[in-house]
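Right, one structure below, let's go through it.
Residue numbers start from 1 in every chain, and the chains themselves are labelled A, B, ... in the order their sequence lines are given, proteins ahead of strands.
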Amino acid sequence: MTTTILRLKEPITLPVEAKSVSPDRFVGLRQEEVAALPVLFGRRQLTLGDLFAVEGDGTEKTVIEGDLSHIKRIGQGMSQGRITIHGNVGMHLGAKMCGGEIVVHGNVDAWAGAHMSGGLIRVHGNAGPMLGAAYPGEKRGMCGGVILIDGDAGPRAGERMRRGLIAVQGNLGEFAGARMIAGSLFVFGTLGARAGAGMKRGTIVALGEIADSLLPVFRYACSYRPAFLRYYLHRLREWGLPVTPEQVAGLFRRHTGDVTTLGKGEILVYDQ
Amino acid sequence: MHINGVEIEDTFAEAFKMRGARLIITAVNPRWALTAAQVTTGFGTSVIACGCEAGIEAVIPADETPDGRPGVSVLIFTMGSKGMENQLMRRVGQCIMTCPTTACFNGLESDEMLKIGGTLRYFGDGFQSSKRLEGRRLWRIPVMEGEFLVEESFGIKKAIGGGNFLILGESPEATLEAAERAVEAMEKVREVVLPFPGGIVRSGSKTTSKYKFLHASTNTAYCPTIRRQTESALPEGVNSVLEIVIDGLDEEAVREATRVGIEAACRPGIVRISAGNYGGNLGQYHIHLRELWK
């Protein structure tokens, strides 16, 4: 078998810490060894096999089925392979990951992709708060990689982001890209209020509406067709995002800020 | 050996090791992409006098370029890495960045990379910014028109320059017609360029001169007007000679271009196809004409 399958045995209501669910841990293990990997169930130490029916030896490809809303840290720190999840997932999905791919057919909770530095997270649902953001007290959030969200994302997506790409097809909560250091944050739906507050560098691209007017610390510069944006939109379209030819060829209004910090960030607003 | 009644001389073209780079130039429409490519490859016929040999490899449709705009791929050849860096800096900076609406991407993945956009960025005077996606770093340089987008590094690889063949014809008209047909056919071959004007050389050279201050002079053995005054390589009935020089990213591409070019050039009015060499002592590659069909 080339895929490891984990099926949740019964619904869970207590929080579970499952950072052992990662291709990096699974590869090379036999089925019973995968099932013996530790998880923290509430305050009790259990094994994966206690919560999941495990099928197949450990491989680079893992499929997980069930409502994992209370299971945290899946794919944390992973560097290779692919995790496919059929169901909702708890907090810290793919946090600190540096490679590989996570695909979720459901919603993800807060801190998905926090501090990630490489790889791809694709969510065919909504994302909670702090998507690709930095943990409290940390200076830098996401430092690389790609996060694609088909639905909406909660507040503070990309906070303190340093590098990488986040693209949200739905709406983006407030304070998106707050204190951003660099990187790119795309929203196809509505850009939430107070976007880019405190951002130094980086790019927020609003392809849809803006919930509130931009913060006054962003100054309008000009309307133009950014060449780099064509390159990004071209790539996003290849990933299956709904980029229209009009958006690719369209004019964007460039607002630079936040002038209370370095002021080299930008919010590009599609001129519809 | 004859093709369509044209003699293929039993000789070889002598070609040299060079370094090659590929630029992908895109612009708002084909006109501006081509304009930038033509300017970039201008004055790039001979590495000795121009610093590099350059030409347009192909026109690239919009759906095949990195930013989805019409593009042109350009190949540039130099004798070494240092020379390449120098030429790319000059040509990207002066010929592409200055041209309206253009962007410039690396078209050659290689272990050996030259930082070009990463140096040109300083033209932005502190307002430049970079974007990095999937390992590809692009620099955005603010310019009066908007922004110039250029890739941080460009790959270079070992390449081959100086592949050639000579078309010996009965008349200037027939010879030019044959050369034009050859160029048309060779332009379809990828990974090669024909760096001379329109792909054709009328003033081939030899590596000696009666003058001490000159390293090269006209190829007297193939000049019809002086055939009675010096040793000539021209058979009777030949009144005009044109040369086609080929640079390529690998030897196989140069061989293929030579083969299709010769086949297209073998037309009525052409007496012989020959090739230029230096006795086999200088170049690392010997392309024997008759072996191209084996």
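Heavy-atom contacts from other residues, nucleotides or ligands closer than 6.0 Å to CG of A:L262 number more than 12. In B:R137, the CZ atom is crowded: over 12 heavy atoms of neighbouring residues, nucleotides or ligands sit closer than 6.0 Å. Within a 6.0 Å sphere centred on CZ of A:R140, other residues, nucleotides and ligands contribute 12 heavy atoms or fewer. Residue A:Y220 qualifies as enclosed at atom OH: its count of foreign heavy atoms under 6.0 Å is above 12. A 6.0 Å sphere centred on CD of A:E238 holds more than 12 heavy atoms belonging to other residues, nucleotides or ligands. When the shell of 6.0 Å around OH of A:Y135 is examined, it contains more than 12 heavy atoms from other residues, nucleotides or ligands. For A:K61, the NZ atom sits in a loose shell: 12 or fewer heavy atoms of surrounding residues, nucleotides or ligands are nearer than 6.0 Å. Around the CD atom of A:E138, the shell of radius 6.0 Å holds more than 12 heavy atoms that belong to other residues, nucleotides or ligands.
With a threshold of 4.5 angstrom between heavy atoms, B:R69 approaches chain A through its backbone and through its side chain. Contacts of A:R225 with chain B are absent, with no heavy-atom separation under 4.5 Å from either backbone or side chain. Both the backbone and the side chain of B:R132 come within less than 4.5 Å of a heavy atom in chain A. The contact between A:Y224 and chain B is made entirely by side chain atoms (from C-beta outward), counting heavy-atom distances below 4.5 Å. With a 4.5 Å cut-off on non-hydrogen atoms, A:R201 does not touch chain B at all. Only the side chain of B:L138 comes within contact range of chain A, with heavy atoms under 4.5 Å apart. Using a 4.5 Å cut-off between heavy atoms, B:T101 makes no contact with chain A at all.
Separation of atoms OG (B:S130) and CZ (A:R163) is listed at 7.5 Å; rounding is to 0.5 Å. Atom CG of A:L229 sits about 11.0 Å away from atom CG of B:D67, to the nearest 0.5 Å. Here the CG-NE2 distance, from B:D63 to A:H234, works out to 7.5 Å after rounding to the nearest 0.5 Å.
Using a 4.5 Å heavy-atom cut-off against chain A, the contacting residues of residues 142-150 of chain B are B:G146, B:E147, B:L149.
Proximity of a side-chain donor or acceptor of B:R140 to a complementary backbone N or O of A:F228 within less than 3.5 Å is not detected.
With hydrogens and angles left out, the side-chain atoms of A:T203 and B:K131 include a donor and acceptor closer than 3.5 Å.
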